[in-house]
Amino acid sequence: MAAIVCYRRIPLINAVHKRCISQDSIRKGLVGMMGRTPLVRLNKMSEETGCEILAKAEFCNGGGSVKDRAALFLIQDAIKKGQLRAGGTVVEGTAGNTGIGLAHMCLSMGFKCVIYMPDNQSREKIELLQTLGAEVRPIPVVPWTDEKNYNHQARRFAESTDNAVWTNQFDNTANRQAHIETTGPEIWEQTAGKVDAVTFATGTGGTLAGVGMFLKDKNPNVHVVLADPQGSVLYNYVKHGKLERTEGNSITEGIGQGRVTRNLEGAPIDDALAVQDTDVVNMTFRLLHEEGFFVGASTGLNVSAAVQVAKQMGPGHTVVTCLCDTGHKYYAKLFSRKVLAEKGLLDCIPKEYQVSLHD
């Protein structure tokens with residue numbers, strides 16, 4: 001009887017499901033899981049603004065974050081240029097997700113991985129990288145201008161090691177090329193070209209620049225907005241042409257800058273928003289309790305910015321951003337009652353949502 005029911009239901013599969021049942025639905029290994037992520041409507045935010053607030057679910061990439069796109073393109077670029085051969089070592093300076101993406105890709109593609117990382121990053125990220133087989137070297141935090149900066153140490157190690165490459169995520173434009181070739185086209189296709197604005201937090205600048213370049217080429221009227229955490233210089237750079245930091249240090253990790261990277265150079269940016277940590281944390285917990293998405297602070301910043309852009313543009317517009325990754329890597333800090341209280345961020349979370357905090 002069950003077999004008859006299943007048989008009779010087959011003709012009822014709608015057109016969307018039919019499109020999904022294709023050869024393209026079978027991904028070829030972890031590398032094949034890069035990209036083609038869902039574009040999700042955030043229902044509460046959309047209803048609140050009268051706009052379509054859409055987000056690329058980047059945690060659906062094989063390595064669990066938006067940085068998988070750059071990781072694959074950076075490795076492929078090194079191979080294409082003859083900088084990396086079979087069995088070689090991939091070296092990067094990263095605050096987390098790019099390193100995690102590289103570690104996943106290295107396991108899949110047969111390379112070793114060495115990660116230099118600021119020593120103020122979450123313990124979960126370091127332990128995850130080590131679980132993925134990467135050698136992690138935490139480095140005291142110093143500015144880019146200091147030769148002891150973790151990126152410069154990564155470069156020097158790669159230069160002194162045979163068959164090793166420093167992928168240089170900040171200034172290697174293979175990073176933004178990943179988004180010119182994948183993220184931008186996906187957004188254009190998934191919205192049927194009906195996208196009015198995009199907004200992303202910026203670390204290397206690859207996502208914002210690449211998506212912006214592609215979409216502006218398709219439609220120059222697409223509004224490209226840089227979302228900046230407190231303590232970064234990029235808001236003032238876009239708004240006033242000055243590399244001056246906004247006040248404060250952010251709870252976010254891996255975003256914000258003290259300089260203009262090569263990936264960000266020439267990016268078609270129309271505007272910038274300075275997003276406060278109070279709004280970031282509030283939105284992160286709203287996404288959890290109102291939309292069901294367990295995400296990190298960078299995502300909270302992205303969606304907070306998208307809501308601001310939507311309100312500025314007015315009802316009837318489509319604003320796209322991304323859900324960068326999940327909240328698992330930030331549990332010890334972002335979901336800690338003690339840490340949030342110490343940073344003065346506890347009160348920005350509605351009382352009924354504080355049930356998600358741990359002591």
Side-chain angles (χ1 to χ4, degrees), residues 56 58-59 61 63-71 74 92-104 113 115-129 132 134 136-144 149-151 154 167-172 175-176 178-179 183 199-210 226-235 245-246 248-261 263-264 275 277 280-281 283-284 295-305 321-334:
K56 291 285 282 176
E58 290 298 286
F59 49 76
N61 286 300
S65 87
V66 64
K67 293 296 187 178
D68 285 11
R69 298 177 187 262
L74 289 167
E92 184 55 274
T94 170
N97 276 332
T98 300
I100 291 166
L102 287 170
H104 275 284
C113 187
I115 299 297
Y116 284 75
M117 175 183 283
D119 62 1
N120 63 349
Q121 298 303 294
S122 66
R123 186 67 212 168
E124 294 98 323
K125 283 184 180 177
I126 295 172
E127 291 174 351
L128 176 56
L129 282 164
L132 294 172
V136 183
R137 301 185 177 188
I139 303 296
V141 178
V142 294
W144 172 264
N149 178 276
Y150 67 101
N151 285 291
T167 44
N168 189 13
Q169 61 164 327
F170 291 93
D171 294 306
N172 183 344
N175 177 342
R176 76 182 183 194
H179 301 284
T183 322
T199 182
F200 300 101
T202 301
T204 64
T207 306
L208 182 76
L226 186 153
D228 214 28
Q230 58 191 49
S232 175
V233 305
L234 296 177
Y235 170 79
R245 292 189 182 276
T246 52
N249 294 308
S250 181
I251 196 170
T252 60
E253 298 183 16
I255 56 173
Q257 262 296 347
R259 66 187 182 96
V260 178
T261 66
N263 278 293
L264 204 55
V275 184
D277 272 6
V280 169
V281 173
M283 184 58 74
T284 302
V295 294
S298 295
T299 294
L301 189 147
N302 274 345
V303 177
S304 181
T321 187
C322 80
L323 310 179
C324 307
D325 59 2
T326 68
H328 296 84
K329 296 187 290 292
Y330 316 100
Y331 182 73
K333 184 166 82 172
L334 183 58

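All residue numbers refer to positions in the sequence shown, counting from 1.
Shown are Thr204, Asn168, Thr207; of these, the side-chain hydrogen bond (donor to acceptor under 3.5 Å, both in side chains) with Asn175 is made only by Thr204.
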>> Using side-chain contact (heavy atoms from CB on, under 4.5 Å), reason through Met117 and Leu129 one step at a time and then give a plain yes or no.
In response: CA-CA 11 Å; Met117 175 183 283; Leu129 282 164; 3.2 Å; yes

>> side-chain contact (heavy atoms from CB on, under 4.5 Å), that's the test. Do Asp171 and Arg259 meet it? Break it down for me.
In response: CA-CA 11 Å; Asp171 294 306; Arg259 66 187 182 96; 3.0 Å; yes

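Between Thr94 and Lys125 there is no side-chain heavy-atom pair separated by less than 4.5 Å. Annotation: side chain of Gln257 is in contact with side chain of Phe170 (closest heavy-atom distance under 4.5 Å). You'll find the side chain of Thr321 reaches within 4.5 Å of the side chain of Phe200, heavy atoms only. A heavy-atom distance below 4.5 Å is found between the side chains of Asn302 and Cys324. Between Lys56 and Val66, the closest side-chain pair of non-hydrogen atoms is not below 4.5 Å. Looking only at side-chain heavy atoms (C-beta outward), Asn61 and Arg69 come within less than 4.5 Å of each other. Put simply, the side chain of Glu58 does not reach to within 4.5 Å of the side chain of Leu323, judged on heavy atoms.
Distance OG/Ser232 to CD1/Ile255: 8.5 Å, rounded to 0.5 Å. The CG atom of Leu132 lies 12.0 Å from the CD atom of Glu127; values are rounded to the nearest 0.5 Å. Here the OG1 atom belonging to Thr199 is positioned 10.0 Å from the CG atom belonging to Asp228, to the nearest 0.5 angstrom. Annotation: the span from Asp68 atom CG to Thr98 atom OG1 amounts to 9.0 Å, rounded to 0.5 Å. Summarising the geometry, atom OG1 belonging to Thr202 is positioned 4.5 Å from atom CG belonging to Leu208; distances are rounded to the nearest 0.5 Å. To the nearest 0.5 Å, atom OG1 of residue Thr326 and atom CZ of residue Phe59 are 8.0 Å apart.
Between the side chain of Arg137 and the main chain of Tyr116, no donor-acceptor pair closer than 3.5 Å is present.
Considering every non-hydrogen atom in both Ile251 and Ala297, the closest pair reads CG2-CB, 4.4 Å. Here the shortest heavy-atom pairing between Pro118 and Val141 reads CB-CG2, 3.9 Å. In plain terms, the two heavy atoms of Leu74 and Asn172 that are nearest each other are CD2-ND2, 3.5 Å. In this structure, Gly93 and Asn151 approach most closely via the heavy-atom pair O-OD1, 3.4 Å. Between Thr284 and Gly300, the shortest heavy-atom contact is OG1-CA, 3.5 Å. Of all the heavy atoms in Val136 and Pro138, the pair that sits closest is O-CD, 3.5 Å.
Residues passing the side-chain hydrogen bond (donor to acceptor under 3.5 Å, both in side chains) test with Asp325 are Asn97, Lys329, Tyr330, sequence neighbours excluded. Here Tyr235 pairs with nothing under the side-chain hydrogen bond (donor to acceptor under 3.5 Å, both in side chains) rule; sequence neighbours left out.
One side chain, Thr167 or Glu92, offers a donor N or O that lies under 3.5 Å from an acceptor on the other.
In Asp119, the CG atom is crowded: over 12 heavy atoms of neighbouring residues, nucleotides or ligands sit closer than 6.0 Å.
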